[in-house]
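What follows is one structure encoded as structure tokens, with my remarks underneath.
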Amino acid sequence: MLKRCRVERSDIAELIGDYNGVMRKGILAVFALIVLVSIALILTRSATPVVELTPPIPSLGQATPVTVRVLDPRGVRKISAFVEQNGARYQVWETTEPSVATDKTWTFPIGIKTTPQLKDGNARLIVEATSNDLLRKTSHWDGEVTVVTKPPAISVDSDQHYLYLGMADLANFNVSGSWTEAGVRVGDQTYRAWPVPGGKGGFFSLFAFAWNMPANTVPLVYASNGTGNDVTSPIVFQFPKKEQPRYTVHDLQVSDAFIQKVVGELDPNGSGDPVARFVKINNEMRRANNKTLSDLRFKTADHFLWSQPFARQAHSQAEATFADLRNYIYQGKKIDQQVHLGYDLAVTQHVGVEASNDGRIVYAAPLGIYGNCIVVDHGYGLQTIYGHLSHLDVHEGDMVKRGQVMGQSGQTGMAGGDHIHFAMQLDGVQIDPKEWWDSHWIQDHIAKRVDLPGFNK
Ligand SMILES: [Zn+2]
């Protein structure tokens, strides 16, 4: 019995050998698996960077700031920028500091200051980004740029420009050299340059000195070649001392009935304190509506659509004038204050609303506090605005003639009685209409400087 149970030494050795073999194969298999999984992980987790240039760069000058944004879930190991021109490739910037940020921007200057080999003319800008992982995938952005080594030059008319707060004027100027954008800048507002009509050469801008512009602001003609360096030249101007308009202050009594009317019409689904809702409409909705109006500057004709002075609504009484300061009084307390940027012209109820001049309808729809609203474009960024209509008879795109009835007056929007809110804007900035009703002013300020049909030079 004992003998049967005996296990030979050689058998044990064989068994151990088999065991070791199995173990070795197992370890190898596990090791291979780990390697495979790691490779798979690297492959699936490795990323390709996305390179963007914001804003796009049309041209390079002395030292044009270039902003590169790179999106990469692994971060970025390296970014390089190159300019290729006439068969040569210049490295113009590089960073090799790894970043783990998944969305990061870098801003650096490129231009002839750092790369003097660049010449005026076409070139290609290339930005390469390398991902911050083991595979180091690289992707790039590239695009055409124009190298401009000389700034544009401006010469401005030597006219004395008489400016009034809230009013407009016209400046003539010339721009030479390479430029992408030009016009008149007053503070933070810009007014486009247009070629002088009639193919006479040179440019002009209609510009405004806004009602709230600090009086020491100097209007400038500017030209930019898109390389980050604007050239500017001041306009000779003067404020007539005595004649500055004095804006009047009005207390406007706000009744519960008026608040209910406004809130019910402009915030029908709102809830809460009606006075708070009224004030919110008067501020937030007013701002949004004014932005909509201002953006209509881009829907303008590149020529004069009119040839007579602007007309004021016939037989109308002005109940409020431009830039009146309004205090809103409710139950003896001031709840709000706004500046009224137009004329409130009243005639009779549902009077026909007349186009102030020839033009094209660029807006005819409800617009918040302005109620049913019409905007007529007259060309070169000059537009008239009509608010609170009860009925609209025109559509966007229609051409209208001076005096043409476009709808009926009413009290839609933030209006307490039937009247026309009449306003004007120039390149999106609301201005005082009163000079445009005056043919002498148009003659002296516009027609003497550019050919205006219907007027003598
Ligand atoms: Zn008004």
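Bear in mind the structure is a predicted one, so any value in this text is a computation, not a measurement. Every number for a ligand or one of its atoms is a count from 1 in the order of the listing.
Atom NZ of K78 is surrounded by 12 or fewer heavy atoms from other residues, nucleotides or ligands within 6.0 Å.
Taking backbone and side-chain atoms together, H421 has an N/O/S atom less than 2.8 Å away from the Zn ion (ligand 1). Among the atoms of H340, an N, O or S atom falls under 2.8 Å of the Zn ion (ligand 1).
Considering only heavy atoms from C-beta on, V279 comes within 4.5 Å of N283 through its side chain.
The name of the N, O or S atom in D344 nearest to the Zn ion (ligand 1) is OD1.
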Requested in this report: Could you please spell out the steps behind the side-chain contact (heavy atoms from CB on, under 4.5 Å) verdict for V68 and E52?
Outcome: CA-CA 6 Å; V68 173; E52 293 173 358; over 6 Å; no
Report task. Could you walk me through whether Y90 and F82 pass ring-ring contact (aromatic ring centres under 6.0 Å, His included), step by step? Result -> CA-CA 5 Å; Y90 310 101; F82 306 90; over 10 Å; no
